[in-house]
Number of protein chains: 2
Amino acid sequence: MSKSTHREDHLKALYTLGEEAGQESWVSTNAMAAHLDVKPPSVTAMVHVMSELGWAEHRPYRGARLTPLGKKLALTLVRKHRLWETFLVERLGFGWEEVHDIAEQLEHIDSVSLVDKLDAYLGHPTIDPHGDPIPTAKGQIADSRRLTPLLEWPHDKPCQVGAVKDSNDKVLVELTSLGIELGTVLRPEDRLKVPLALAEEVLVEPQSSQEISTNE
Amino acid sequence: MSKSTHREDHLKALYTLGEEAGQESWVSTNAMAAHLDVKPPSVTAMVHVMSELGWAEHRPYRGARLTPLGKKLALTLVRKHRLWETFLVERLGFGWEEVHDIAEQLEHIDSVSLVDKLDAYLGHPTIDPHGDPIPTAKGQIADSRRLTPLLEWPHDKPCQVGAVKDSNDKVLVELTSLGIELGTVLRPEDRLKVPLALAEEVLVEPQSSQEISTNE
DNA sequence: CGAATTTTTTAGGTCTGTCTAAAAAATAAA
DNA sequence: TTTATTTTTTAGACAGACCTAAAAAATTCG
Ligand SMILES: [Mn+2]
Ligand SMILES: [Mn+2]
Ligand SMILES: [Mn+2]
Ligand SMILES: [Mn+2]
C-alpha cells in the first residue's frame, strides 16, 4: 500500500474516537493505539506528523484533536469507506460482515473522480450496509435519522432495524442467521429470540411504511 | 506471505518486460528501472527480495527472470489490473485513457473473493478496455486472437481495431478524437486520416460480423 | 499532601524501499 | 588485445512506520 495509508488510518481513528467522545474532547494516544492495534509510541509519532500536516493539534500528555482540515479529510475517507462497502454489498453480492476489511483497503485509493462516479453509480446512497450515514461530497453527514438502541425501545411496540453499532463480524453473522438485517421489522414477540449480546448492538427506528419484509 | 505494492509493481514490470523480450530472456535491471521510474540500485535490491521469495532468479550482471511461481503471481496482478480497468470503463463510465493509473492502485487490493466476484459481475470479460487479454482465475491468457499492426495490414482491405499497443494516455485521447476506439471498423479511406504516430499503436483484425458501428 | 500507579513521551533500534557515489563487470572501440 | 565506455552491483545514507525499554508527567490513593 502507498505511504499515506497508515497516516490516513490514524486520521480516521482520531476522527472516530473523537466523535464517540464528543466534540471538544481530546483523544488519548492510548485509545488510538488500541483502536489501531499499534503501540502507543507509534501513535505519538504519527500524531506529530499529522500535526505537521495541519491535520491535528496535539497537547502533550492530554491527547489529540482534529483541525477543521483534518476533519474534512477524515470525512472524505469515511465517505469512501462507506461507498465502497455499499458497492461490495449492493453490486458484488458480499455479505455485510465481509466488506469492512476490503473497504479498509479501498478507502485509500486516490482519485476524486473515482469517488464521484462510484457515488453516482450507486445512486447517491445515504447509508452504508451497516446503517451508517455516508458523508456527501461536500463533507456533510445527514444525521437526520434518530435511532434508538433496541434495548431502550418500548417492549410492546414493533420497530425496524436501522443500523448496527460496532460492526463486529461475528455479531453480523449471528444477526443474519437470526434473520435480522437492515430494515427487518421486529415485533414484540420477535425480540424474545434475540440474545442480549446481539440486541445490544442493534439500533432501531419506528416502523416505516415502505419496510423490507423479513425472510422468516 | 506479506505483499507490498512496490514489490508487486516490480514483479509486474519483470513479467511485462519478459514477455516483450521473449520467453527465456533475462530482463536487465536497467530496463526495469526505466519502466518503474526508479534508479537501478533500487531494482537490484528488489530483485534480491523477489529472489528470496522465490518469485525470480537473478544472474548478476545479466538480469532477472520470473520463476513459475513469480509468473503465476504476476498473472493474478495483470488479471486484477485489467478487470478493474474493465469495471471503470464499462460500469463507471471512465474513458479508456483515464483508467490505467487508478487500476495501478486497485490491482494491489488483497482479496481473492473480491476478484472472483468482480469477474462474475462483469460477465467474465476476456479483454480489457485496451484490447489486452484478461488472464483467467487459473492464470491462463487466451491469446487466441491474432492481431496485426495496422501499418502491416493490406492497404485495400477494411479491418477492425482490436487493441492499442502501449496505452499512452495522449495516444488514446487522440485516437478517440478521431473516432477510433475498440471495435471501430477502418476502411481504406479512413486510414488516410490517421497520423503515422497513432497508426503505429493500433492493432487490427479482420472485420468481424458483429462489429461495433463507428460514431462518425 | 506525598507516595504509588498509570499514562504518555522520549530514546534508541529494526525493517522496507528509496537514493547517490563509487567499485566492479561486461561490452564496445581503437 | 588493450583501452574506453556503458551497465550493473555494492556501499553507505535517509525517510517512514513500527517496536521495546526507560524517563517523565499526570493521576490515584493512603
Ligand atoms: Mn484503511
Ligand atoms: Mn460500514
Ligand atoms: Mn500498481
Ligand atoms: Mn489495459
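Per chain, numbering begins at 1; letters A, B, ... match sequence-line order.
Side-chain atoms of B:R59 do not come within 3.5 Å of backbone N or O of B:W26 as any donor-acceptor pair. Here the side chain of A:T67 pairs a donor or acceptor atom with the backbone of A:W55 at under 3.5 angstrom. Not one N or O on the side chain of A:H10 forms a donor-acceptor pair closer than 3.5 Å with the backbone of A:V47.
By the side-chain hydrogen bond (donor to acceptor under 3.5 Å, both in side chains) test, B:D9 pairs with B:H108, sequence neighbours left out.
Here the shortest heavy-atom pairing between A:E57 and A:S51 reads CA-OG, 4.5 Å.
Rounded to whole angstrom, the span from the CD atom of B:E52 across to the C1' atom of C:dC15 amounts to 14 Å. For A:W26 and C:dT7, the CH2 to C1' distance is 17 Å, given to the nearest whole Å. Rounded to whole angstrom, the span from the CG atom of B:L11 across to the C1' atom of C:dG17 amounts to 16 Å. C:dG17 atom C1' lies 13 Å from atom CE of B:M50, rounded to whole Å. What separates CG of B:N30 from P of D:dT5 is a distance of 18 Å, to the nearest Å. The separation between B:M32 atom CE and C:dG17 atom P is 13 Å, rounded to whole Å. Taking atom CD on B:E8 and atom P on C:dT16, their separation rounds to 16 Å, with Å as the unit.
In terms of phosphate contacts, B:R7 brings a side-chain nitrogen or oxygen within less than 4.0 Å of OP1 or OP2 of C:dG17. For the pair B:S4 and C:dG17, the criterion of a side-chain N or O lying under 4.0 Å from OP1 or OP2 is met. Between B:T44 and D:dT9 there is a side-chain polar atom (N or O) within less than 4.0 angstrom of OP1 or OP2. Phosphate contact (OP1/OP2 of D:dT9, side-chain N/O of B:H48, threshold under 4.0 Å): absent. A sub-4.0 Å separation between OP1 or OP2 of D:dT8 and a side-chain N or O of B:R62 is absent. Listed pair B:T29 / D:dT9 meets the phosphate criterion, a side-chain N or O lying under 4.0 Å from OP1 or OP2. Distances shorter than 4.0 Å separate some side-chain N or O of A:H58 from OP1 or OP2 on C:dT9.
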Protein-nucleic acid N or O pairs under 3.5 Å, nucleotides 18-25 of chain C:
{"from": "C:dC19", "atom 1": "OP2", "to": "B:K39", "atom 2": "N", "distance (Å)": "3.0"}
{"from": "C:dC19", "atom 1": "OP2", "to": "B:S42", "atom 2": "OG", "distance (Å)": "2.6"}

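Between A:W84 and B:W84, the ring-plane angle classifies as perpendicular under the 30° and 60° cut-offs.
Nearest-nucleotide positions on DNA chain D for B:G63 and A:V49 put B:G63 closer to the 5' end.
A salt bridge links A:K12 with A:E104; the closest basic N to acidic carboxylate O contact falls under 4.0 Å.
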